[in-house]
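Only heavy atoms go into these numbers, but all of them, side chains included; no hydrogens, no water, no symmetry mates. Atoms within each ligand, like the ligands themselves, are counted from 1 in listed order.
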Amino acid sequence: MSEPDSDQPSIGILGGTGPAGSGLAARLASIGHTVVIGSRSKYKALEARDVLAERWPDIAEQLTCGDNATAARAEIVVIATPWDGAAAVAQESADHLEGKVVISMANALVRVNKEFQPLVPPRGSVAAHVQAAVPGCRLVAAFHHLPATELGHIDQPIDSDVLVCGDDPDAVRVVSAIVSRFPGCRPLDAGELSNAMAIEAFTAVLLQLNVRYKTRVAPRLTGINDPS
Ligand SMILES: NC(=O)c1ccc[n+]([C@@H]2O[C@H](COP(=O)([O-])OP(=O)(O)OC[C@H]3O[C@@H](n4cnc5c(N)ncnc54)[C@H](OP(=O)(O)O)[C@@H]3O)[C@@H](O)[C@H]2O)c1
């Protein structure tokens with residue numbers, strides 16, 4: 001675990017009170033970022049922040065919280081809400097997101113009994129829908145396949161490749177640099193934002209494998225030896 005690092009950008013998480021957002025908050029804090037856990041309720045955000053700080057006292061100093069608008073003022077912003085709230089929550093904070101790197105980790109899925117099925121949101125992916133809602137942000141799709149539990153176990157590496165895509169190559173590089181500092185993770189540049197559709201939909205397959213094999217899978221691709 002690293003000390004707070006003033007060279008690292010602050011990161012706000014909209015919907016940061018759920019398992020994915022809070023796991024990511026802990027992981028980002030563990031590599032030196034100051035994180036703002038956002039919520040529709042600042043009290044719920046405080047509760048989530050306190051749970052993390054109690055569990056991981058070493059990173060407590062780097063964890064802050066507030067409503068989603070407060071989190072959207074951070075230098076980089078992650079959208080960690082369910083798919084059907086992602087574009088709306090981004091649009092509500094659009095003024096704060098202009099020109100910023102915004103990361104969408106939301107997957108459009110439905111569970112029918114024991115089966116996970118991908119949904120096709122407007123514009124083909126949640127990420128594209130968010131980009132359309134806030135045209136001035138630099139949208140990057142990432143983190144879709146990292147299980148929340150493993151994200152939150154910050155004393156352990158996560159053995160996974162992380163597919164990163166977006167239409168702004170510099171923004172993709174910024175997010176890939178963050179991923180590369182997660183122990184065990186390897187960022188892979190998966191192309192333009194149009195590929196978010198396939199990345200998001202593939203999550204249904206991974207969740208189905210979890211059910212079938214009673215585990216939590218994460219992707220690891222072969223054949224790329226030097227991803228630089
Ligand atoms: N769980 C995982 O392992 C995992 C891994 C990778 C990616 N993801 C993706 O990350 C996203 C979050 O996953 P999660 O499991 O943490 O989801 P979640 O618990 O269902 O939702 C996360 C947070 O989003 C806020 N929220 C809920 N409905 C909303 C709405 N309609 N509008 C605005 N905000 C809303 C809530 O926060 P407040 O009530 O505090 O506002 C909630 O705590 C999902 O899109 C998921 O596909 C999940």
Side-chain angles (χ1 to χ4, degrees), residues 11-28 35-52 63-72 77-94 97 102-111 116-122 125-130 133-134 139-154 158 160-165 175 178-179 182 185 187 196-211 215-219:
I11 302 183
I13 305 181
L14 313 188
T17 56
S22 13
L24 183 64
R27 184 65 64 169
L28 291 166
V35 180
V36 189
I37 297 169
S39 167
R40 290 168 294 183
S41 155
K42 63 181 179 184
Y43 303 105
K44 193 171 162 188
L46 182 60
E47 203 177 337
R49 186 256 166 215
D50 287 349
V51 167
L52 286 181
L63 295 169
T64 65
C65 61
D67 58 17
N68 283 329
T70 303
V77 177
V78 180
I79 300 179
T81 68
W83 72 274
D84 51 348
V89 92
Q91 199 160 33
E92 279 161 20
S93 293
L97 302 182
V102 174
I103 305 169
S104 174
M105 68 185 299
N107 300 298
L109 303 168
V110 64
R111 185 173 183 167
F116 286 93
Q117 299 172 351
L119 299 172
V120 183
S125 69
V126 183
H129 193 32
V130 173
V134 187
L139 206 286
V140 174
F143 304 138
H144 303 84
H145 305 146
L146 292 177
T149 304
E150 277 65 24
L151 272 170
H153 285 164
I154 60 173
I158 312 176
S160 183
D161 287 336
V162 177
L163 299 171
V164 183
C165 72
V175 176
I178 294 170
V179 171
F182 289 178
C185 286
M197 175 166 57
I199 292 171
E200 294 175 12
F202 188 58
T203 310
V205 178
L206 300 181
L207 294 176
Q208 199 62 48
L209 292 169
N210 289 346
V211 172
T215 185
R216 282 192 299 273
V217 300

Can you list the atoms of ligand 1 that are under 4.0 Å from a heavy atom of [X]?
X    : value
A106 : 45 (O)
H144 : 6 (C), 7 (C)
L146 : 5 (C), 6 (C)
A148 : 1 (N), 2 (C), 3 (O)
T17  : 36 (C), 37 (O), 38 (P), 40 (O), 42 (C), 43 (O)
N107 : 7 (C), 8 (N), 9 (C), 45 (O), 47 (O)
M105 : 6 (C), 7 (C), 8 (N), 9 (C), 10 (O)

Task: Of the listed options S39, S41, G38, S104, closest to atom 38 (P) of ligand 1 (non-hydrogen atoms) - done: S39
Open item on the list: Given A218, A48, P82, A20, identify the one with the heavy atom nearest to atom 24 (O) of ligand 1.
Closed with: P82
Tell me: protein heavy atom nearest [atom], and distance?
atom                    : answer
atom 12 (C) of ligand 1 : A80 O, 3.0 Å
atom 23 (C) of ligand 1 : G15 O, 3.5 Å
atom 39 (O) of ligand 1 : K44 NZ, 2.6 Å
atom 19 (O) of ligand 1 : P19 CD, 3.2 Å
atom 44 (C) of ligand 1 : T81 O, 3.4 Å

Contact between [X] and [Y] at the side-chain level, heavy atoms closer than 4.5 Å - yes or no?
X    : Y    : result
V175 : P187 : no
V130 : I79  : yes
I37  : I13  : no
T203 : V205 : no
L109 : L207 : yes
I178 : R27  : no

TODO: For ligand 1, find out whether one of its N or O atoms is nearer than 3.5 Å to an N or O atom of R40.
DONE: yes
TODO: Quick one: closest heavy-atom pair of T17 and S22, and the distance?
DONE: O-OG, 3.7 Å
Task: Nearest heavy atoms of M105 and A20, plus distance in Å - done: CE-CB, 3.9 Å
- [ ] Name the orientation class of the two ring planes belonging to F202 and H145 (parallel below 30°, tilted from 30 to 60°, perpendicular beyond 60°).
- [x] perpendicular
Task: Stepwise side chain to side chain contact (heavy atoms under 4.5 Å, CB included) check, L119 with W83 - done: CA-CA 10 Å; L119 299 172; W83 72 274; 3.6 Å; yes
